[in-house]
Structures are given as structure tokens and as C-alpha cells.
Amino acid sequence: MLGALALAPVAAAIPAYGQKPFIYALKPERIADQIWVVRGDDAPIAMANGGAIANIGIIGTAEGAVLFDSGPSLRYGDALQSLATELTGKQVVRVYVSHLHPDHGFGLGAFPASVTTALPETIREIERDSPGFSDGMYRLLGDWMRGTEVKTPAQPLTPGVEVIGGRRLRTIALSGHSGADLCVVDDTSGVLFPGDLVFHNRAPATPEADFSKWRASLDALIGLSPVITVPGHGPVDSTGTAAIRQTRDWLEWLETSIGDAILRGLDMVEAGNMPIPDRFAGMAAARYELQRSISHFYPRMEAALLPRIDVSESATQ
Ligand SMILES: [Zn+2]
């Protein structure tokens, strides 16, 4: 008995079998002068990746480091802050939050509120949805989330040009992946950070998607002629526009295919097993995201495509 008690503190300090030490090993990729990307895992949020699935941008300026997104948890935000300071030799002076999703904004607690900013609509969406996201993240990620609290970006951002430490950053308000999607372009390098409007070799996530707005946003991004595009998920696109076009192609195929499946009378399980075209064979998480998209879109597209004649007649009487 006493022996067991004496061992208890030691046993508690040793992670249980299979447990990770909950440390994010962030590996920056330099993509331009004073610009780095920390790549996310091209997989769904899971214990194995601690929710670190989104790409994060670090931009060095004479005034301090600028971050594009903050990662999925306080532990991640802390690691990101250390990395940004190490790379740039300066403190973080700006954190842009691209949109409401927790893999992009839940690391915000690591930074002073005064440096955090997002589009006003994103701030509203975070206030509305983050308690629910937080519950889901804690359940999925356990100890990775320790200490993480829901934080709302403090400064509503007016899109335009921000000059920080001599660096000219263009901020652009678009939408379609969510109700408000912030994009940032570094004018010196032509690097575009489009958040989750752009995925690359990783199937797009669509829980809040509006297909027509998303397509219009992608057209606007092509019009910017970026030199390098850092997608929200997937590898950096050094052609500038291939990832934007791939995202547009997937969304068009997805909307058409869901519509066809509904008109052919398939149920949601059958539709989720539909063949995925060969040109998307290299896309990570394609089947997973297709099935998620069907679960989001099927009921409302079914209601739109298969109207009840009695309901529509009575509505016009
Ligand atoms: Zn997202």
C-alpha cells in the first residue's frame, strides 16, 4: 500500500502509454526575404497533429513580426511566438486572424490583445461560434488544448494598406469559405496569404461555404496575379495561381456532383461513396471532405432542387 503511494507521483509524471508530450515542433519554411511559413499537417484535426493543420505565415519587418493566423491552441500560439521572435529578432506586433475557424485563431491567447486583428464580420462569427468550436476542440485534442480560452481579435480591421516597419501589406476582405475571409498580400514579394479561400493538394473544407461567393473570391485572387500563394492548407504554390485554380475546380465539381446525386435519387451515404475524378487523386483528405461537404449541403440543396409541389403552390396562393 505504502509502496504504491510512494510511486504515485512518479507514475503521474510519466506520460501514459501512447501519450505525446504535447509539444509542437514548428518547422519554418523560408519562402521569400523575411517571410516564412509553418506548414500544417495535411490531415483532419486529430490527436496525432494537435490540431496544427493550418499553414501559418510569419513576416519580418523593421518594427516587429507580423503573423498571419495563430494556430489551434494556446500551446501552439506560445511556440509560434517564440519561433517568430527567434526568426525575426523582434516581438510580434501584428496578428491577423484570417477567419473564424479554430485551427487558425485559437492560438490568439499567446499574444497581447492590442496586436490582434480581424475583419468585423469575422469578429462577429468568432463570438457566435467559438464556444461550440472550443468544446469540439477540447474533446478531440485533450491536453493539446490545455489553457486555451476563446479569444476574440481586439481590433476590427478596415481593409486597405497597412505599412508596418516599412513593409507594405495589402489587406483584402473576401468571403465564401466563411462569412468573412481576410487575405493579405505583401507588396514587396508578391506573396499572397488567402487563408482558407485556397487549399492546395488538400481537399477544401466547406462547413460554412457559399459556393458562388467563394468562386467570385477565387476569381478576384487570380486577378491579383500573386507571385507565390500560401494556401490555408497544403503546400506553398510557387506558381502563384495553380492552387487557386485547383480549389475553384474542386468546388465546381463538388457543387455539380452533389446536385446530380440529388437528382439521381442517391441518399447521403451513396453520394458520399461517389467516384472522385482522377485529377483530384493527389488531394489529401478528398474522401473525408467530400463526405463532410455532403453532410453540410445535402439537406439544403435537396430542399432547393426537389421542391414540394404542394408547398410551392400554397406559397403562391
Ligand atoms: Zn477554415
Side-chain angles (χ1 to χ4, degrees), residues 15 18-31 35-58 67-84 87 95-110 133-134 136-148 177-178 181 193-209 228-238 242-243 246-247 250 276 280-293:
Q19 245 183 346
K20 294 266 177 67
F22 305 108
I23 295 166
Y24 293 97
L26 307 186
K27 294 187 185 71
E29 277 177 30
R30 185 183 173 280
I31 60 163
I35 302 185
W36 297 265
V37 172
V38 183
R39 285 270 288 111
D41 189 13
D42 297 330
I45 290 170
M47 205 58 159
N49 54 40
I53 64 167
N55 294 333
I56 309 294
I58 301 172
L67 301 180
F68 188 80
D69 281 332
S70 64
S73 63
L74 179 63
R75 286 181 191 276
Y76 188 102
D78 285 338
L80 180 62
Q81 184 169 51
S82 300
L83 177 66
L87 289 171
V95 183
Y96 294 109
V97 177
S98 63
H99 67 295
L100 79 161
H101 288 148
D103 48 329
H104 298 259
F106 268 27
L108 220 50
F133 284 142
S134 177
M137 294 288 274
Y138 266 91
R139 287 175 195 280
L140 273 171
L141 297 175
D143 211 324
W144 285 111
M145 296 299 290
R146 187 177 295 272
T148 306
H177 171 74
S178 70
D181 295 292
F193 293 93
D196 275 5
L197 284 172
V198 180
F199 284 65
H200 190 205
N201 294 341
R202 198 280 187 201
T206 63
E208 267 81 37
I228 296 170
T229 294
V230 181
H233 300 263
V236 173
D237 175 12
S238 53
Q246 185 189 55
T247 302
W250 172 272
I276 296 173
F280 300 127
M283 255 187 182
R287 178 69 58 192
Y288 167 81
E289 291 297 351
L290 168 64
Q291 292 179 345
R292 280 182 82 204
S293 295

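Below, each value reflects all heavy atoms present in this structure, side chains not excepted, and no hydrogens, waters or symmetry copies.
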**OP:** Would you please test W36 and L83 for side chain to side chain contact (heavy atoms under 4.5 Å, CB included) and show each step?
**Re:** CA-CA 10 Å; W36 297 265; L83 177 66; over 6 Å; no
**OP:** Starting from the C-alpha separation in whole Å, work towards a yes-or-no answer on side chain to side chain contact (heavy atoms under 4.5 Å, CB included) for D69 and V97.
**Re:** CA-CA 5 Å; D69 281 332; V97 177; 4.2 Å; yes
Original post:
R39 and K27: side chain to side chain contact (heavy atoms under 4.5 Å, CB included), yes or no, with the steps?
Top reply: CA-CA 7 Å; R39 285 270 288 111; K27 294 187 185 71; over 6 Å; no
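Taking CG from L80 and CG from L67, the interatomic distance works out to 5.0 Å, rounded to the nearest 0.5 Å. I23 contributes atom CD1, which lies 12.0 Å from atom CG of D78 (distance to the nearest 0.5 angstrom). Rounded to the nearest 0.5 Å, atoms OG (S178) and CG (L197) are 7.5 Å apart. Separating the CE atom in M47 from the CG atom in L141 is a distance of 7.0 Å, to the nearest 0.5 Å. The CE atom of M283 lies 11.5 Å from the CG atom of L290; values are rounded to the nearest 0.5 Å. Note: Y96 OH to F193 CZ = 11.0 Å, rounded to the nearest 0.5 Å.
Across all their heavy atoms, A110 and G77 have their closest contact at CB-C, 3.3 Å. Pairing each heavy atom of D103 with each of G51, the nearest pair is CB-O, 4.0 Å. The shortest non-hydrogen separation linking A54 to H104 is CB-CE1, 3.5 Å. The minimum heavy-atom distance linking A52 with P72 is given by the pair N-CG, 3.8 Å. Residue L74 comes nearest to G147 through the heavy atom pair CD2-O, 3.4 Å, listed as atom of the first residue, atom of the second, then distance. The two residues A84 and I58 make their nearest non-hydrogen contact at CB-CG2, 4.0 Å.
With a 4.5 Å cut-off on side-chain heavy atoms, F133 and L100 count as touching. You'll find the side chain of P235 reaches within 4.5 Å of the side chain of N201, heavy atoms only. Contact annotation: the side chain of H101 approaches that of P207 to within less than 4.5 Å [non-hydrogen atoms, C-beta and beyond]. In this structure the side chain of L87 never reaches within 4.5 angstrom of the side chain of R30, judged on heavy atoms. Side-chain contact between F22 and R146 is absent, with no heavy-atom pair separated by less than 4.5 Å. No side-chain heavy atom of W250 sits less than 4.5 Å from a side-chain heavy atom of F199.
Ring planes of H177 and H99: perpendicular class, angle over 60° (limits at 30 and 60°). The aromatic rings of Y76 and Y24 sit perpendicular, their planes meeting at an angle over 60°, well past the 30° parallel limit.
A distance-only check finds a donor-acceptor pair linking the side chain of D237 to the backbone of A242 [under 3.5 Å]. In terms of modelled atom types and a separation under 3.5 Å, the side chain of N49 and the main chain of P44 share a donor-acceptor contact. When atom types are taken as modelled, the side chain of D42 and the backbone of R202 share no donor-acceptor pair closer than 3.5 angstrom. The backbone N or O of P231 sits less than 3.5 Å from a side-chain atom of N55, completing a donor-acceptor pair.
Side-chain contact annotation: T206 with S293, donor-acceptor N/O pair under 3.5 Å present.
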